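Reminder, nothing fancy here: chain letters follow the sequence lines and each chain counts from 1. Keep in mind the model is a prediction, meaning the values are calculated, not measured.
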There are 2 protein chains.
Amino acid sequence: MDKKREEQLNETLMLFYFAYRTFTNEPDRILEEHGIQRLHHRILFFVARTPNISVHELLKTLEVSKQALHAPMRQLIEMGYITSEPAEYDRRVRELCLTEKGQKLERQLSNVQRGKMNAIFETMGPDSEETWKQVMKKIIDNEKDE
Amino acid sequence: MDKKREEQLNETLMLFYFAYRTFTNEPDRILEEHGIQRLHHRILFFVARTPNISVHELLKTLEVSKQALHAPMRQLIEMGYITSEPAEYDRRVRELCLTEKGQKLERQLSNVQRGKMNAIFETMGPDSEETWKQVMKKIIDNEKDE
DNA sequence: GAATATAGGTCAACTTTATTGACCTAAGTG
DNA sequence: CACTTAGGTCAATAAAGTTGACCTATATTC
């Protein structure tokens with residue numbers, strides 16, 4: 001790989017870092033107002049995307065320990081954002097769902113990010129959305145080759 | 001925003017999260033072998049991109065406190081990856097540079113990520129690179145509107 | 001039915017990585 | 001000379017994670 005190509009790629013690394021940081025800034029600010037943190041947001045996000053998700057599934061998705069998940073999850077339950085009910089098919093399993101209040105907060109948090117992405121893709125056209133997603137998918141898939 | 005559009009955007013949020021996590025996984029693993037952490041990588045990366053960068057500039061770039069930067073930076077200096085020399089134009093200012101050893105480590109770390117990006121853009125074509133970068137730039141710029 | 005495995009919860013000790021505040025030196029600048 | 005800036009360092013604290021151990025309840029398997 002020649003020097004020039006390497007420098008072009010360095011720009012992509014820098015953009016990735018700054019874009020991610022910027023992207024999480026706004027939600028982080030809102031979270032702080034509610035006295036909760038980024039992991040709370042992730043929990044809310046994935047419970048919103050996957051209603052009735054089990055604790056075990058959530059653990060695997062977020063790649064944190066049971067003990068690390070526990071405190072924020074309990075907080076969300078106590079604050080009335082999430083419900084945790086035994087599953088019918090297996091009463092050991094707890095199914096997590098957002099309450100109405102939880103849906104509202106999750107929407108507030110993620111809307112900032114959705115709005116940002118939507119505005120960009122609207123300016124740049126639908127192809128840009130497809131391309132951007134494709135690149136991100138390939139980054140994720142690459143992992144499997146190693 | 002209708003439900004369907006919202007779900008499409010949710011996919012982008014998920015991709016962003018997982019892609020970033022995957023992207024930092026490999027370097028993190030290498031860093032661990034050297035007994036250093038992600039902040040060390042960021043220091044190495046930005047010093048590599050901006051030779052002679054001052055401590056103050058680095059602080060602003062990384063958005064951490066002086067005290068948080070200090071320990072890892074000193075470690076990198078002690079391990080012989082970085083040099084810190086008083087600047088000619090102002091002897092209060094320390095100019096940071098990579099040593100040869102530092103350049104080697106930085107290359108090792110960032111090559112993983114550069115290689116990943118390069119492979120993707122080679123498969124998808126040069127337009128995909130331009131588009132992806134454009135989206136990321138807009139995410140960063142958006143910050144200023146708020 | 002007893003043994004074992006799984007889902008989940010909780011306590012404790014510890015580690016890492018950051019924060020803020022205070023204070024120091026050295027070197028420029030008005 | 002007074003003040004500011006760049007940088008370094010100590011101390012107390014906070015947050016967010018880790019591992020290990022142990023508990024209950026419920027399924028599953030032999």
Has [X] got a side-chain atom pairing as donor or acceptor with [Y]'s backbone, closer than 3.5 angstrom?
X        : Y       : value
B:Lys101 : B:Met79 : yes
B:Thr99  : B:Tyr81 : yes
B:Thr24  : B:Arg21 : yes

Ring center gap for B:Phe46 and A:Phe18 short of 6.0 angstrom =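 Yes, close enough.
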query = In residues 70-97 of chain B, which residues come under 4.0 Å of DNA chain D by heavy atom?
reply =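 Only B:His70, B:Met73, B:Arg74, B:Arg92, B:Val93, B:Arg94 qualify.
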request  = Check each residue of residues 35-50 of chain A for a non-hydrogen atom within less than 4.0 Å of any atom in DNA chain D, then write out the ones that pass by number, or none.
outcome  =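 Here the set is A:Gln37, A:Leu39.
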Non-hydrogen atoms of B:Thr12 and B:Leu9 that approach each other most closely =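 So the two residues come closest at OG1-O, 2.6 Å.
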request  = Determine to 10° how strongly the helix from C:dG1-D:dC30 to C:dG30-D:dC1 is bent, judged from the axes of its five-pair ends.
outcome  =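 Answer rounded to 10°: the end axes differ by 20°.
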request  = Send over the distance from B:His56 NE2 to D:dT5 C1', rounded to a whole Å.
outcome  =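 My rounded result for the distance is 9 Å.
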query = Please give, in whole Å, the distance from D:dA11 C1' to B:Gln67 CD?
reply =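 For the pair B:Gln67 CD and D:dA11 C1', the rounded distance is 11 Å.
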inquiry  = Check this one for me: any side-chain N or O of A:Ser65 less than 4.0 Å away from OP1 or OP2 of D:dT18?
reply    =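 Answer is yes, contact under 4.0 Å.
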Salt-bridged, [X] to [Y], with N to O below 4.0 Å?
X        : Y        : answer
B:Lys104 : B:Glu100 : no
B:Arg49  : B:Glu106 : yes
A:Glu11  : B:Lys137 : yes
B:Glu122 : B:Arg114 : no
A:Glu7   : A:Lys4   : no

message = Test of understanding: with salt bridge (Lys or Arg N to Asp or Glu O under 4.0 Å), list the residues that count as partners of B:Glu78, not counting sequence neighbours.
response =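 Not a single residue meets the salt bridge (Lys or Arg N to Asp or Glu O under 4.0 Å) criterion with B:Glu78.
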ask   = What pairs with B:Asp28 under salt bridge (Lys or Arg N to Asp or Glu O under 4.0 Å), at least two apart in sequence or on another chain?
value =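 Here the qualifying residues are B:Arg38.
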query = For DNA chain C, which nucleotides open and close the run of contacts to chain B, 5' to 3', at under 4.0 angstrom from a non-hydrogen atom?
reply =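 From 5' to 3', the first and last contacting nucleotides are C:dT17 to C:dG28.
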ask   = Can you tell if the side chain of B:Gln134 reaches within under 4.5 Å of the side chain of A:Ile120, non-hydrogen atoms only?
value =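 The answer is no, as the side chains (C-beta and beyond) never meet within the 4.5 Å cut-off.
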